[in-house]
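Okay, structure first, notes after.
Order of the sequence lines fixes the chain letters, A, B, ..., with proteins taken first and strands second; residue numbering starts at 1 for each chain.
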Protein chains: 2
Amino acid sequence: MGEFKSLEKRLKNKGYKLTAPRRFLLGLLENNPGKSYSAQEIFDLLKGKGVDFSTIYRNLEMMAKEGILSAVQRENGTSSYELCLNHHHHHLICTDCGATRCINVCPMDLIDKSIWEGFTPKKHRFEIMGLCPECSKKNT
Amino acid sequence: MGEFKSLEKRLKNKGYKLTAPRRFLLGLLENNPGKSYSAQEIFDLLKGKGVDFSTIYRNLEMMAKEGILSAVQRENGTSSYELCLNHHHHHLICTDCGATRCINVCPMDLIDKSIWEGFTPKKHRFEIMGLCPECSKKNT
DNA sequence: AATATAAATGCAAGTATTTGCAATTACAAA
DNA sequence: TTTGTAATTGCAAATACTTGCATTTATATT
Ligand SMILES: [Mn+2]
Ligand SMILES: [Mn+2]
Ligand SMILES: [Zn+2]
Ligand SMILES: [Zn+2]
């Protein structure tokens, strides 16, 4: 619960206003650590709070850009977001039940630097789609 | 030019009909080897041939599923497609000019297998965004 | 060559996401 | 506290992408 206040502080330090929609959003993610949500899922969970879809999209994108959230690309191409609590990492995504698991290997650390040949890497995406242990068993 | 006929043959062998839209699509990709196109770009290039957007989307997705095309996720999340001429590979994508360069390292070959812990990997995505040599110089 | 038939297409309608803009709100300064 | 201001919001309109379905078309069979 201590994380929450610090997240709000981080937003303010970067010059953003602390609005109701942003509080709701951060509160939701903070209360479900490790889980990642799509814009649609967040919209549904915040029903009744009167937050518009466009506001959610805009804030998710903004917080991702600011390094507060990290975006995970799902199988179908839609992004889901989770708090950037710890360090940079990647995910295993179950194509059957949608569960994600964080892994702490990053291909950028494993790659031979000689492949760049003048290219300047800035960001990267790495996701592994497949079946989680539970769904692996079910679909046998 | 020999590749083209073999691509058509591959489609037929998999039980798909060889239609005009599919010929146009494959012809376009075949005549620009190494380049990758989004659905929108293909639609524009095929203007006048009377091919519908939905047909392009459906065929790109189908050919990707069949391993004839490989999808590259651009910075903004939209996919572009290129012929799967050779083996499985990944890309460097320039966020400034959009150019892509193929690299033949695959993180799946480098990763320690012990991270799966029961997860069954099926597909993966790996793309590196940054500045190509030319744009690196320009933006200095 | 004519015919049968399932696959594929184009169109239109349906979702999903993004954008422009006037009204509102957070918050800094008075 | 009140006020001024720019950031942010909600709404509506605009794009982008997807889907359902009647019609067309590729191709196997006769
Ligand atoms: Mn994670
Ligand atoms: Mn390539
Ligand atoms: Zn990484
Ligand atoms: Zn790979």
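Residue Ser54(B) is in base contact, counting any heavy-atom pair closer than 4.0 Å across all strands shown. When heavy atoms are screened at a 4.0 angstrom cut-off, Phe53(A) is found touching no nucleic acid atom at all.
Side-chain contact check for Ser136(A) and Thr120(B): at least one donor-acceptor pair (N or O, by modelled atom type) lies under 3.5 Å. Residues His90(A) and His124(B) have side chains that never bring a donor and an acceptor to within less than 3.5 angstrom of each other. A donor and an acceptor atom, one from each side chain of Arg58(B) and Ser54(B), are located under 3.5 Å apart.
Side chain of Leu18(B), nearest nucleotide from dT8(D), dA26(D), dC11(D): dA26(D). Residue Tyr57(B) has its side chain nearest to dC17(D) when only dC17(D), dG20(C), dG10(C) are considered. In the set dT27(D), dT9(C), dG10(D), the nucleotide with an atom closest to the side chain of Pro21(A) is dG10(D). The Tyr16(B) side chain lies nearest to dA8(C) when the options are dG20(D), dC17(D), dA8(C). Of the candidates dA8(C), dT8(D), dC17(D), dA8(C) carries the atom nearest the Thr19(B) side chain, counting heavy atoms from C-beta on.
Look at Lys17(B) and you won't find any side-chain N or O under 4.0 angstrom from OP1 or OP2 of dA28(D). For the OP1/OP2 pair of dA8(C) and a distance below 4.0 Å, the side-chain nitrogens and oxygens of Arg22(B) include at least one atom meeting the criterion. Contact between the side-chain N/O atoms of Lys12(A) and the OP1/OP2 oxygens of dA26(C) is not found at any separation under 4.0 Å.
The CG atom of Asp44(A) sits 10 Å away from the P atom of dA16(C) (whole-angstrom rounding). Rounded to whole angstrom, the span from the CD1 atom of Ile42(A) across to the P atom of dT17(C) amounts to 12 Å. We find that CZ of Arg23(A) is positioned 14 Å from P of dT25(C), with the value rounded to whole Å. Spacing between atom CG of Leu60(A) and atom P of dT9(D) amounts to 11 Å, rounded to whole angstrom units. One can place CG of Asp52(A) at 17 Å from P of dC21(C), the figure rounded to the nearest angstrom. Look at CZ on Phe24(B): it is 14 Å from C1' on dT25(D), rounded to the nearest Å. Going from atom CG of Asn13(A) over to atom P of dC27(C) covers 12 Å, rounded to whole Å. The nearest whole Å value for the distance from the CE atom in Met62(B) to the C1' atom in dT18(D) is 17 Å.
In terms of position on DNA chain D, the residue among Ala20(B) and Arg58(A) whose nearest nucleotide sits closer to the 5' end is Arg58(A).
Ion pairing of Glu66(A) with Arg22(A) is absent here, as no side-chain N (NZ or NE/NH1/NH2) approaches a carboxylate O to less than 4.0 Å.
Each of Arg74(B), Arg101(B), Glu82(B) was evaluated against His91(B); a single residue qualifies, Glu82(B), per the side-chain hydrogen bond (donor to acceptor under 3.5 Å, both in side chains) test.
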